[in-house]
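Scroll down for the structure; my scribbles are underneath it.
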Amino acid sequence: MKKIFPMLIAGFSAAVLSIIPILKGFSCCLLIPFASVFALFLDSKANRTPDKITLKKSIWFGFLTGFFATIFIVLFDSFLTFIFRTNDLIETIPQSEILLNQMNLGELTEEAMKLMKSIAAEIKTSGFSLLYTIMIFFSNFITNSIFGIIGGLVGMGILNKKRENFLE
């Protein structure tokens, strides 16, 4: 547990910040990479090892930070959806329908809109949709893992450079 604690804290922090509407749009490309850097920083402070951060460690930290952020984001989003019986999907259905109609996809547009409207109906009545939860989990997992790894690599470069300058 001690080894994953920095990633858990950083992922939770990123998830908390990602529920703020203004920051939500920057979650994957700013908050998650910063969280990965933060996780590496916390780990280096907690363990006080003079060793450089390895590529493997930075990738692992970035991936797990993104994974934990995804778990917490899905939990927070599901909880808020349950309480308010609305979410981003419901709010964007009209714009999605316009966009899909402009693409001239024929039956695919009708099926996609039928699916989105059934998910929206589930959310409005019960506050929960399993399909919506699965969709946001996988979409967040993919983007957060990628950007978490990028953040881990950037963090490795920053923290290793700081160590070199400190030791000189």
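Predicted model, so just to flag it, every value in this text is computed and none were measured. Position 1 is the first residue of the sequence; numbering continues from there.
The side-chain contact (heavy atoms from CB on, under 4.5 Å) test applied to Ile149 returns Ile59, Phe63, Leu153, not counting sequence neighbours. With sequence neighbours left out, Lys45 forms a salt bridge (Lys or Arg N to Asp or Glu O under 4.0 Å) with no residue at all. For Thr86, the side chain to side chain donor-acceptor pair (under 3.5 Å) partners two or more places apart in sequence, or in a different chain, are Glu91. Legend: residues meeting side chain to side chain donor-acceptor pair (under 3.5 Å) with Lys124, ordered by chain and number and at least two apart, are absent. Lys117 meets the salt bridge (Lys or Arg N to Asp or Glu O under 4.0 Å) test with Glu97; sequence neighbours excluded.
A donor-acceptor pair is defined here as one N or O able to donate and one able to accept, closer than 3.5 Å; such a pair exists between the side chain of Ser58 and the backbone of Leu55. With hydrogens and angles disregarded, no donor-acceptor distance shorter than 3.5 Å links the side chain of Ser27 to the backbone of Lys24. Under a 3.5 Å cut-off, the side chain of Asn140 and the backbone N or O of Thr143 do not form any donor-acceptor pair.
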- Query: Could you go step by step and tell me if Asp43 and Lys57 meet the side-chain contact (heavy atoms from CB on, under 4.5 Å) rule?
  - Reply: CA-CA 11 Å; Asp43 183 66; Lys57 182 177 182 176; 2.5 Å; yes

Quiz: residues 102-111 side-chain donor-acceptor pairs under 3.5 angstrom, not counting sequence neighbours:
from	atom 1	to	atom 2	distance (Å)
Thr109	OG1	Leu100	O	3.3
Glu111	OE2	Lys114	NZ	3.4

Which atom pairs, donor and acceptor, lie under 3.5 Å between side-chain atoms of residues 76-84 and protein residues at least two apart or in another chain?
from	atom 1	to	atom 2	distance (Å)
Asp77	OD2	Tyr132	OH	3.1
Ser78	OG	Val74	O	2.8
Thr81	OG1	Asp77	O	2.7

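With side-chain heavy atoms closer than 4.5 Å counting as contact, directly or through intermediates, the hydrophobic cluster containing Phe26 also holds Leu30, Phe34. Hydrophobic cluster membership for Val37: none, as no Ile, Leu, Val, Met, Phe, Trp or Tyr side chain comes under 4.5 Å of it. Taking a 4.5 Å side-chain heavy-atom cut-off between Ile, Leu, Val, Met, Phe, Trp and Tyr, the cluster of Leu23 extends to Leu17, Ile20, Leu31.
Residue pairs meeting the side chain to side chain donor-acceptor pair (under 3.5 Å) criterion with at least one partner in residues 28-41, sequence neighbours excluded, do not occur; the list is empty. The stretch residues 133-160 participates, sequence neighbours left out, in no salt bridge (Lys or Arg N to Asp or Glu O under 4.0 Å) pair at all.
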